[in-house]
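Quick one: the structure is below, questions incoming.
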Protein chains: 2
Amino acid sequence: MSRFLANTQNPVDKKGRVSVPAAFRTVLGGQNELYTMLSISGPTVEAGGPQLIQAAEARLGQMDPFSEEYEVWSYYIHGDSNMLKIDGDGRITLGEEIREHTGIDDKVAFVGRGHFFQMWEPGKFKIYQKETRMKALELRQRLGKSGGGIAGKRGH
Amino acid sequence: MSRFLANTQNPVDKKGRVSVPAAFRTVLGGQNELYTMLSISGPTVEAGGPQLIQAAEARLGQMDPFSEEYEVWSYYIHGDSNMLKIDGDGRITLGEEIREHTGIDDKVAFVGRGHFFQMWEPGKFKIYQKETRMKALELRQRLGKSGGGIAGKRGH
DNA sequence: TGGGTTCATTTGGGCGTCAATGGATTCAGT
DNA sequence: ACTGAATCCATTGACGCCCAAATGAACCCA
């Protein structure tokens, strides 16, 4: 029951390699392949083990093969995705597509999201982080006093 | 049925370690992992055993996966959180993110909150404590009119 | 009740292991 | 043979793990 948690930042070397945080590699469980897909909602890439693509395909399977949504989703999970190899030292090399979509240059912010994780250009991540925390605060206020933080489930 | 109670202050050593109060460790029940999340509402960190994340995820599970609130909450509980190891002597090491968010430097105030506890920079905690006591007083006066003693403040 | 004693938590530090990082070397495709 | 990629190696530094001293609190007994 391990998940991708926390966020850290690692440098990209001259050869374009980045270390995937050890904690994340542990969650991946010895897998030396990393499945990635460009995010639709922002300049980030979502990544995880092969089961990620399985989940995506499961969803695809529930759609009508002749619908537009099928067409779109199918492209999304296959065409805008990649299978990156994790080398012996736990590093990956990001392709041009990913760097372009995310704006990643010489640093990568790894962000845990539970069953997958994201890779961001640190600056863009900072902005996202700030906005999201603000939204969380609003959300909490909307939900009322009973909704804050962990304390939210005050029903003890 | 033990809870996190009272507040104490412990020093951070050169290597960045702090002892988690023994009473708190007892409540954690032998777990050597501490789940933490940055608070949205203040410069503090909320912590507890792994069941905390389960509770948070349970709540996540009730949300619409495509809603913004899901996105926000998911970030909050996964991206701004950490799983800290408690060493053999009951100490933890706070990461850079936590120190930055809380302002913690060489001292940590541990504050019991029932089913979880908080970690504060002592000075900030003092302020929070003062404000909160004041609010509690107002609250009590308001509630006093309608009736209950100490127990009276239970309901929402 | 005062004093001494024991036990437990806290705290400081040493040391080995693993992760992260930079660079060299081998390999493969063109 | 040349370019880019996949492997392999070596260095550095952080972190986990262990032991020991120091601090303090609970306890017992005279």
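To find a chain, count down the sequence lines: A is the first, B the second, and so on, and within it residues start at 1.
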For a quick check under 3.5 Å, do A:Tyr35 and A:Gln51 share a side-chain donor-acceptor pair by atom type? no
Test for a donor-acceptor pair under 3.5 Å between the base of C:dG22 and the side chain of A:Arg91, counting only N and O atoms. yes
A:Glu96 CD - D:dA5 C1' separation (whole Å): 17 Å
Out of C:dT21, C:dT10, C:dG12, minimum distance to the side chain of B:Ala22 belongs to C:dT10
Atom CD1 of B:Ile92 to atom C1' of D:dC17: distance rounded to whole Å? 17 Å
Only one of B:Phe116, B:Phe117, B:Phe110 passes ring-ring contact (aromatic ring centres under 6.0 Å, His included) with B:Phe4, and that residue is B:Phe117
Report yes or no: is there a donor-acceptor pair, N or O only, under 3.5 Å between the side chain of B:Arg17 and the base of C:dG13? yes
Locate the shortest heavy-atom distance separating A:Val20 from A:Arg25; write the atom from each residue and the value. O-NH1, 2.6 Å
Measure the distance from CD1 on A:Ile86 to C1' on D:dC8 and round it to the nearest whole Å. 18 Å
Taking only side-chain N and O atoms of A:Lys15, does any of them lie within less than 4.0 angstrom of OP1 or OP2 on C:dG23? no
Hey, does the side chain of B:Thr44 reach the backbone of B:Met119 with a donor-acceptor pair shorter than 3.5 angstrom? yes
Please give, in whole Å, the distance from C:dT21 P to A:Lys107 NZ? 11 Å
The side chain of B:Pro21 is closest to which nucleotide in this list: D:dA6, C:dT10, C:dT11? C:dT10
May I have the distance from B:Asn82 (atom CG) to D:dC15 (atom P), rounded to whole angstrom? 12 Å
Select base, sugar-phosphate, or nothing to describe what A:Val12 touches, counting heavy atoms under 4.0 Å on all strands. nothing
Separation of D:dA14 atom P from B:Arg99 atom CZ, nearest Å, is 12 Å
Nucleotide C:dT10, atom P - distance to CG of B:Asp13 in whole Å: 13 Å
Please tell me which of the listed nucleotides, D:dG16, C:dT21, C:dT10, lies nearest to the side chain of B:Lys85? D:dG16
Give the minimum heavy-atom separation between A:Tyr76 and A:Leu38, together with the two atoms involved. CE1-O, 2.9 Å
Atom pair distance, as rounded to whole Å: CZ in A:Phe110 and P in C:dT21: 9 Å
Selected nucleotide, minimal atom distance to B:Asp89 side chain, candidates C:dG23, D:dG16, D:dC18: D:dC18
Base, sugar-phosphate, or nothing for B:Asp87, non-hydrogen atoms under 4.0 angstrom? nothing
